[in-house]
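Read the structure below first, then the notes.
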Amino acid sequence: MTDIQILCIDADLLDIMLTWDQLAGYEKGAHKSDKQERNAGEWMYSTGVFNAASLKNGIFRALPPANVEELFRRMERVPVKAGQVIIRQGDEGDYYYLIESGAAEVSRSSQVGAAKAIVAKLDAGSAFGEEALVSGNKRNATVMMKTDGVLLRLGKQDFIELLKKPLVNEIGLDEAKRKIEKGAVLLDVRTPRNSASSNCRMH
Amino acid sequence: MQPAQTSLLNTLEPIAALSPGRVDELAAMCVVETVSQGLNPFRMNIVQSEQLLYLLKGDLSLSMWMARAMYCMAAAILPAIPSFPIRRR
């Protein structure tokens, strides 16, 4: 009817932000003591750690709110130093990590003893370590801190209970066979190294 | 287009209920658009996700599929009333 001015916002993103603030116990106008310890709720509305992009596109998006809250209750805050190796290629998976502050580098060697190639750089808000916990395979890369920082880590059992179960749909061998007979295609997404060290073979 | 100010976002519901950090993030991700008379702002969605559309200034008529018409007055006309969102796909 006239020229107008509008503002558009992604509805899903706003829903996620509202949910996270609610779970974190954020109340407009409520002030907290400076001496209060940083708790799980405060992590949740820390936009440095869990920025909008990671909430909208990361693994937290698909989690039920109750799991998100419990996840942060069980996470442990770990100060780390520059040069510290957090996970090492070939080790067993033990923790899932989120970077609260600091930067890290991911490197990988294609063969035992071969030179490592840097494959990724991670900073605050990034997560790592989930692959070995999901697959049950050994760590497929080394992650080393490039700066001092703080990590949030979640133990393997807590990860499986709170993250893996809601996010990974598992089916048994018989059901997989039935689906393949009906035209489903099985894809092997393991790295060659993981595939070689596994007892599971594709025929 | 102009960047959205946090002061503007804090007048919109339910955005005003967000923590300051989240409002800052939203401000960096959205802009105020001017749409000329006669154009349909619901046909301008270049992203596929559902959007909330706040009418900040001007008059917009909404024609519903059941042939009823709604007339929305902009928040600028009634500054005491927060603007409200309309969903668009």
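A quick note: this is a predicted structure, and the numbers were derived from the prediction, not measured. Chain naming here is simple, since letters A, B, ... match the order of the sequence lines and numbering starts at 1 in each.
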**Prompt:** What part of B:Val31 gets closer than 4.5 Å to chain A, counting heavy atoms only: side chain, backbone, both or neither?
**Reply:**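 When you check distances to chain A, only backbone atoms of B:Val31 fall under 4.5 Å.
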
**Message:** Is any side-chain heavy atom of A:Leu13 closer than 4.5 Å to one of B:Met29?
**Reply:**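 B:Met29 reaches A:Leu13 side chain to side chain.
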
**Asked** Would you call B:Lys57 and A:Ile4 a side-chain contact if the rule is heavy atoms closer than 4.5 Å?
**Response**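 No. Closest side-chain heavy atoms not under 4.5 Å.
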
**Asked** What pairs with A:Tyr95 under ring-ring contact (aromatic ring centres under 6.0 Å, His included), at least two apart in sequence or on another chain?
**Response**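 Listed in chain order: nothing, the list is empty.
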
**Request:** Give, for atom CG of A:Leu7 and atom CG of B:Leu56, the distance between the pair rounded to the nearest 0.5 Å.
**Result:**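 Going from the CG atom of A:Leu7 to the CG atom of B:Leu56 covers 5.5 Å.
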
**Item:** Reported CG-to-CZ distance for the pair A:Leu14 and B:Arg22, which is rounded to 0.5 angstrom
**Value:**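 The distance works out to 11.5 Å.
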
**Request:** Give the minimum heavy-atom separation between B:Cys30 and A:Cys8, together with the two atoms involved.
**Result:**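 Minimum heavy-atom contact is CB-O, 3.6 Å.
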
**Request:** Could you walk me through whether B:Gln51 and A:Ile9 pass side-chain contact (heavy atoms from CB on, under 4.5 Å), step by step?
**Result:** CA-CA 5 Å; B:Gln51 302 272 298; A:Ile9 290 172; over 6 Å; no

Side-chain donor or acceptor of [X] paired with backbone N/O of [Y] under 3.5 Å:
| X | Y | result |
| --- | --- | --- |
| A:Asp3 | B:Gln37 | yes |
| A:Thr2 | B:Gly58 | no |
| A:Asp21 | B:Ser19 | yes |

**Request:** Sorted by first residue and then second, give each ring pair (Phe, Tyr, Trp, His ring centres under 6.0 Å) pair with at least one member in residues 1-40 of chain B; sequence neighbours left out.
**Result:**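 Listed once each, the pairs would be none.
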
